[in-house]
Colleague: 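Pasting a structure below so you can have a look.
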Amino acid sequence: MNTVSIRLPVKITLFGEHAVVYNKPAIASTIPVFMNVTGRRLNDEKLVVKFHNANVLIKGIVLDRLSNSYTLVPDDVSVSRFTSYIVTGLEICEDELKVSRGGYEINIESTLPMGAGLGTSAAISVGTIAVCISLNYSHNFEDPYIKRMIALLAWKTERRVQGAASPMDTFTITYGGIRYIKPWIPEAEIIVPPRHFNIVIGYTPKRYTTADLVRSVKNLKSKEEYLLNMLLDITERVVEEAKNAIANNDIEKLGILMNINHGILESLGVVSLEHSNIVKTLIAAGALGAKTSGAGGGGAFIALARDREHAALLKNVAEALGAKVVALELYEMGFTINYNKME
Ligand code: PMV
């Protein structure tokens with residue numbers, strides 16, 4: 001049976017989260033932290049999903065003391081968070097390719113908790129779509145038509161599961177590198193920095209789902225339409241300036257823009273107490289700028305360091321405040337495929 005394995009980098013949002021849901025541009029980048037989605041067809045119509053180190057929790061164990069057999073009680077929330085993207089992604093792919101519902105075994109390998117704010121759900125969506133397209137249609141992922149199809153179907157998967165989602169996460173993970181996202185097309189334009197950044201990327205536990213946080217911004221917008229539109233316009237301006245600052249390696253300016261963007265996220269009400277504290281402390285420790293990255297409510301944050309040594313110091317500061325730091329640099333590529341044809 002043929003098996004296909006997709007290696008997916010996760011991502012951070014550099015600028016423009018939330019505003020991108022309202023059709024504004026944003027900038028995101030892949031980072032060198034990876035998940036694997038591996039799949040193969042099964043002969044019956046079962047979907048078998050296996051998790052490897054993926055932080056899916058069981059809530060408990062029921063032991064029958066007479067027969068000595070036990071039943072696991074799953075943590076429905078974390079199990080359904082993972083499986084909804086897989087089930088929906090397969091359905092969307094099968095409908096698009098006009099193939100009938102089939103049986104699959106899907107393996108998910110991850111060391112990140114689901115919903116860390118690093119695009120884990122987008123990585124599962126892209127991985128599932130890529131597996132399905134590879135097993136049912138073509139594994140020539142260098143073909144721009146196939147690549148775009150994967151990005152679009154993965155985005156559709158996120159929209160269907162979450163209710164609302166921008167193409168930012170799925171397009172960034174598909175194409176990789178620093179990407180200027182134009183949701184109105186949708187398209188992900190590459191931005192190539194002349195030198196690489198020293199950037200601290202970490203996360204704290206995320207208390208709400210992305211869907212909850214997108215909804216809370218929507219509620220605020222319905223109450224304060226005029227002011228929220230102004231904040232979205234300022235975010236757009238920040239993103240445009242950041243695009244130039246990245247291309248010109250103007251890290252002082254990038255730091256200032258990060259702080260302004262963080263202030264807007266504070267105004268939108270999505271920054272957690274821990275993040276306010278971490279961001280302020282990192283700036284006090286000399287970070288050029290720092291911000292919540294992604295939907296908020298905890299989750300991912302980033303801080304711009306002056307150089308490698310400074311990044312190592314900021315990492316220690318963030319970890320002393322209880323955060324987990326996962327990378328000190330960005331990554332240049334999107335997902336890659338490994339196809340094994342078995343006779
Ligand atoms: O925290 P994440 O990785 O789920 O990022 C969400 C980014 C939002 O702009 C808030 C939502 C979206 O769909 O773009």
Side-chain angles (χ1 to χ4, degrees), residues 8-31 33 35 81-82 84-85 88 110 112-127 151-152 154-174 179-188 201-221 228 231-232 235-236 238-239 242 261-262 264-272 274-275 291-302 323-324 326-327 330:
L8 305 122
V10 292
K11 64 124 260 291
I12 51 157
T13 312
L14 288 162
F15 296 96
E17 51 277 268
H18 286 290
V20 70
V21 177
Y22 298 92
N23 233 4
K24 301 288 188 190
I27 301 174
S29 174
T30 45
I31 63 170
V33 177
M35 293 178 69
R81 270 192 202 166
F82 270 98
S84 55
Y85 292 95
T88 308
S110 171
L112 292 169
M114 187 68 174
L118 292 164
T120 43
S121 62
I124 292 181
S125 304
V126 173
L152 286 171
W155 178 33
K156 192 169 178 182
T157 305
E158 287 231 304
R159 286 202 312 270
R160 195 175 288 174
V161 174
Q162 290 171 196
S166 79
M168 174 171 67
D169 289 14
T170 43
F171 272 64
T172 303
I173 289 170
T174 301
R179 294 277 163 179
Y180 172 76
I181 308 294
K182 301 177 217 174
W184 57 92
I185 296 185
E187 196 177 84
I201 301 161
Y203 67 87
T204 62
K206 188 168 157 181
R207 273 189 224 97
Y208 305 94
T209 65
T210 297
D212 292 338
L213 293 151
V214 167
R215 214 172 303 118
S216 83
V217 172
K218 191 172 169 205
N219 287 340
L220 188 61
K221 190 165 179 297
L228 263 282
L231 288 177
L232 299 182
T235 306
E236 179 172 14
V238 167
V239 168
N261 199 160
H262 183 75
I264 294 172
L265 295 174
E266 287 271 15
S267 307
L268 296 181
V270 297
V271 175
S272 69
E274 289 98 322
H275 271 212
K291 68 184 276 292
T292 284
S293 165
F301 64 87
I302 54 177
K324 175 124 183 70
V326 292
L330 303 177

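In this text, all values refer to a predicted model and were calculated from it rather than measured experimentally. Ligands are counted one by one from 1 in listed order, and the atoms in each one are counted from 1 as well.
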Colleague: Checking F15 now: which residues fulfil ring pair (Phe, Tyr, Trp, His ring centres under 6.0 Å) with it, not counting sequence neighbours?
Modeller: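 None.
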Colleague: Side chains of T209 and D212 only: does a donor on one sit below 3.5 Å from an acceptor on the other?
Modeller: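 Distance-only check passes for T209 and D212.
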Colleague: List the residues meeting salt bridge (charged side-chain N to carboxylate O under 4.0 Å, His left out) with K182, not counting sequence neighbours, and say none if there are none.
Modeller: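 K182 satisfies salt bridge (charged side-chain N to carboxylate O under 4.0 Å, His left out) with E187, E189 only.
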Colleague: How would you list, by chain and number, every residue that makes a ring pair (Phe, Tyr, Trp, His ring centres under 6.0 Å) with H275, sequence neighbours excluded?
Modeller: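 H275 satisfies ring pair (Phe, Tyr, Trp, His ring centres under 6.0 Å) with F301 only.
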Colleague: Return a table of N or O atom pairs, ligand 1 on one side and protein on the other, at distances under 3.5 Å, rounded to 0.1 Å.
Modeller:
from     : atom 1 : to   : atom 2 : distance (Å)
ligand 1 : 1 (O)  : A295 : N      : 2.8
ligand 1 : 3 (O)  : K11  : NZ     : 3.3
ligand 1 : 3 (O)  : G119 : N      : 3.4
ligand 1 : 3 (O)  : D169 : OD2    : 3.3
ligand 1 : 4 (O)  : T210 : OG1    : 2.7
ligand 1 : 9 (O)  : H18  : N      : 2.9
ligand 1 : 13 (O) : S166 : N      : 2.7
ligand 1 : 14 (O) : S166 : OG     : 2.5

Colleague: I need the minimum non-hydrogen distance between G16 and N261, along with the two atoms involved.
Modeller: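 Residues G16 and N261, closest heavy atoms: N-OD1, 3.0 Å.
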Colleague: Could you tell me the separation between the CG atom of L8 and the CD1 atom of I124, rounded to the nearest 0.5 Å?
Modeller: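 The distance works out to 9.0 Å.
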